[in-house]
Amino acid sequence: MNSNENILQLADRCVKCGLCLPQCPTYQLSRNENESPRGRIALIQALANQQLTADDDSLYQHLDNCLLCRRCERICPSGVKYACIMDLAQEKIHQARPPSRTNKFSQKLLSRYMQSTYQALYLYQKSGVQKLVKPLLKSHKKLSWLHSLLPALPSAQKFKSHYSTNTNTAGHLAIFTGCTGKNIDTLTLDAAIRLLNALGYKVSLPPAQNCCGALQQHRGQTEETQQLAENNLHAFADENYDAVLFLASGCGAQLMEYPQRNWNNHERQKKAAQLQEKLQDISGFLARALKKKPLAFTALDKQVVVHQPCSQRNILKLPDTASQLLAQIPGIQLSALAEDTPCCGAAGDYMLRHPQQAQTLRQHLLDKILADKVEIIVSTNIGCSLFIQTGLKDKNIRVIHPVQLLAEQLNESRDKI
Ligand code: SF4
Ligand code: SF4
């Protein structure tokens with residue numbers, strides 16, 4: 001079956017009922033059919049039927065405006081595989097209109113060269129240059145927006161490949177750090193290692209792993225996505241880990257779908273399935289482990305709002321594992337955002353490409369969150385956390401991973417008794 005036939009077969013499941021329209025954030029913002037899941041599927045059908053060409057500007061724009069939050073997929077009664085249809089279409093569009101050099105460069109900075117990018121940004125911030133540059137950017141809307149997205153970066157941390165405990169009796173785990181774990185998300189990674197070691201697990205951070213490939217896949221860059229996925233399969237195949245834990249739900253969602261990739265190779269297909277079997281989200285894993293071996297946590301008298309990222313809710317279809325985990329902390333006042341809360345607007349690199357829409361979506365979310373008194377927001381996806389945090393610059397509210405919050409309350413002296 002060629003790619004057009006594949007698209008048409010998948011898209012044929014859409015009965016055009018329109019139930020997804022009120023659920024789609026871009027349709028809600030624009031009230032334009034072409035900005036809805038049903039409208040985008042119709043455009044892609046026109047592409048596969050050769051009524052539209054892959055270099056069509058309007059087609060490109062409407063597909064590019066999609067957040068890939070997959071809320072439509074979750075509620076679709078016909079089980080339309082919206083993301084698969086989008087991936088096939090984006091691959092065609094990518095071939096017809098390859099990204100500009102600037103886009104390619106910024107994507108590489110965000111994935112392959114994350115460590116160097118991080119170090120450069122850290123220096124830029126700590127040296128005070130950021131403060132000097134800020135007023136100079138006021139007249140340049142896009143640069144000013146990009147500048148506003150830069151969070152307060154924690155100091156760089158060197159991580160080892162293995163973290164052992166005195167006993168290592170509980171088992172041997174690997175953590176998927178991807179391109180953010182050892183750079184931007186160091187506090188979460190450090191917290192995860194500390195908690196897992198306290199529970200008696202040996203923890204490894206396989207050094208050969210790389211970016212999960214989500215950004216590349218959403219841009220239709222199939223070869224690059226495949227290469228990144230293949231590297232990760234090799235990185236985690238060496239040891240027989242009891243589980244492979246991911247910190248960011250966005251990365252976890254991408255890894256979980258590796259078996260659905262077109263491997264054309266039995267060995268790799270098998271490795272992808274083996275990795276999928278071992279994947280677990282760090283919050284859910286810790287919540288279950290703490291039931292078997294409770295640790296002591298110091299009480300916390302604070303209002304904490306739980307943000308569930310689209311990747312956790314719509315793709316991984318996990319329950320609210322952050323709340324399950326944080327219920328370990330005595331005195332904590334937890335509240336979860338309503339089921340129908342839409343995407344925060346971060347959506348991978350969406351906030352870089354579509355500042356206006358991203359800002360509007362973030363504001364909708366913040367209006368909901370700030371309606372109540374809140375001191376801490378927890379989110380299981382680093383991209384969402386950073387984006388939400390940059391919208392709260394004048395407020396004294398922290399946005400962190402639930403694992404970081406739990407580790408801050410870990411009463412290590414009591415555990416040693
Ligand atoms: S994608 Fe699903 S919910 Fe949306 S119009 Fe098609 S069948 Fe209906
Ligand atoms: S993935 Fe999200 S933004 Fe895209 S069509 Fe579906 S609901 Fe709308």
Side-chain angles (χ1 to χ4, degrees), residues 6-49 52 58-94 214-220 249-250 253-254 256-257 260 307-317 337-365 381 383-384 387:
N6 203 356
I7 289 178
L8 291 171
Q9 193 185 61
L10 288 166
D12 206 34
R13 292 189 78 153
C14 174
V15 295
K16 312 283 187 247
C17 66
L19 285 174
C20 52
L21 268 66
Q23 301 291 327
C24 170
T26 56
Y27 178 75
Q28 281 172 0
L29 287 181
S30 65
R31 297 286 154 188
N32 177 343
E33 172 74 16
N34 290 329
E35 290 289 311
S36 76
R38 183 176 66 183
R40 291 188 175 113
I41 290 171
L43 287 170
I44 296 170
Q45 283 173 312
L47 170 70
N49 280 323
L52 279 178
S58 164
L59 170 76
Y60 171 79
Q61 211 50 62
H62 291 305
L63 299 198
D64 192 55
N65 283 343
C66 172
L67 294 146
L68 279 167
C69 65
R70 290 167 72 171
R71 208 164 166 215
C72 48
E73 216 175 84
R74 184 161 64 102
I75 63 101
C76 174
S78 305
V80 171
K81 292 184 172 172
Y82 176 81
C84 291
I85 300 171
M86 274 291 276
D87 285 347
L88 289 165
Q90 290 290 15
E91 189 180 359
K92 285 180 172 297
I93 292 172
H94 175 71
L215 283 185
Q216 291 74 4
Q217 178 165 329
H218 297 161
R219 303 283 86 230
S249 55
Q254 178 74 9
M256 206 56 105
E257 294 190 337
Q260 292 166 31
H307 165 259
Q308 250 193 296
C310 303
S311 44
Q312 166 132 358
R313 204 193 288 260
N314 302 336
I315 309 174
L316 293 165
K317 298 188 175 74
L337 287 169
E339 263 287 299
D340 61 351
T341 306
C343 176
C344 65
D349 63 350
Y350 190 89
M351 81 281 206
L352 303 177
R353 292 180 287 115
H354 301 284
Q356 198 58 52
Q357 291 97 314
Q359 215 167 351
T360 310
L361 288 166
R362 182 178 64 186
Q363 198 50 52
H364 287 173
L365 181 81
N381 197 45
C384 307
F387 189 54

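What you see is a predicted model, and the numbers here were worked out from it, not measured in a lab. Start at 1 and go down the list; that is how both ligands and their atoms are numbered. Counting begins at 1 with the first residue of the sequence.
Taking a cut-off of under 4.0 Å to the non-hydrogen atoms of C24, the atoms of ligand 2 that pass are 3 (S), 5 (S), 7 (S), 8 (Fe). Of all atoms in ligand 2, listed by their number and element, those nearer than 4.0 Å to a heavy atom of R70 are 1 (S), 2 (Fe). Each of the atoms 4 (Fe), 5 (S), 8 (Fe) of ligand 2 lies under 4.0 Å from some heavy atom of R40.
Using modelled atom types, no side-chain atom of Q357 and backbone atom of N65 make a donor-acceptor pair closer than 3.5 Å. A donor-acceptor distance shorter than 3.5 angstrom exists from the side chain of T26 to the backbone of E35, with no hydrogens or angles considered. Remark: side-chain polar atoms of R362 are not paired, donor with acceptor, to backbone N or O of C344 under 3.5 angstrom.
Selection from C76, C20, C14 by nearest heavy atom to atom 4 (Fe) of ligand 1 gives C20. Between atom 6 (Fe) of ligand 2 and the options P25, C72, C343, the minimum heavy-atom separation is to C72. Between L21, L63, L67, it is L67 that holds the heavy atom closest to atom 3 (S) of ligand 2.
To the nearest 0.5 Å, atoms CZ (R40) and CE (M86) are separated by 6.5 Å.
Close to ligand 1: G18, with a non-hydrogen atom less than 4.0 angstrom away. Residue contacts with ligand 1 include P77, since one or more of its heavy atoms lies under 4.0 Å from the ligand.
For residue C66, no N/O/S atom approaches atom 6 (Fe) of ligand 2 to within less than 2.8 Å.
Of the protein's heavy atoms, C17 SG, 2.3 Å lies nearest to atom 8 (Fe) of ligand 1. What sits closest to atom 7 (S) of ligand 1 on the protein, heavy atoms only, is V15 N, 3.4 Å. At the shortest separation from atom 2 (Fe) of ligand 2 among protein heavy atoms lies C69 SG, 2.3 Å.
Geometrically, R70 does not engage Y82 in a cation-pi contact, judged by NZ or CZ lying under 6.0 Å from the ring centre and within 45° of the ring axis.
In this structure the side chain of L361 reaches within 4.5 angstrom of the side chain of L29, judged on heavy atoms.
With no hydrogens or angles considered, no side-chain donor-acceptor pair links H218 and D87 at under 3.5 Å. Side chain to side chain, N314 and R71 fail the donor-acceptor criterion of an N or O pair below 3.5 Å.
At a 4.0 Å heavy-atom cut-off, ligand 2 does not touch Y27 at all.
What you find for S36 and C24 is that their closest heavy atoms are CA-SG, 4.2 Å.
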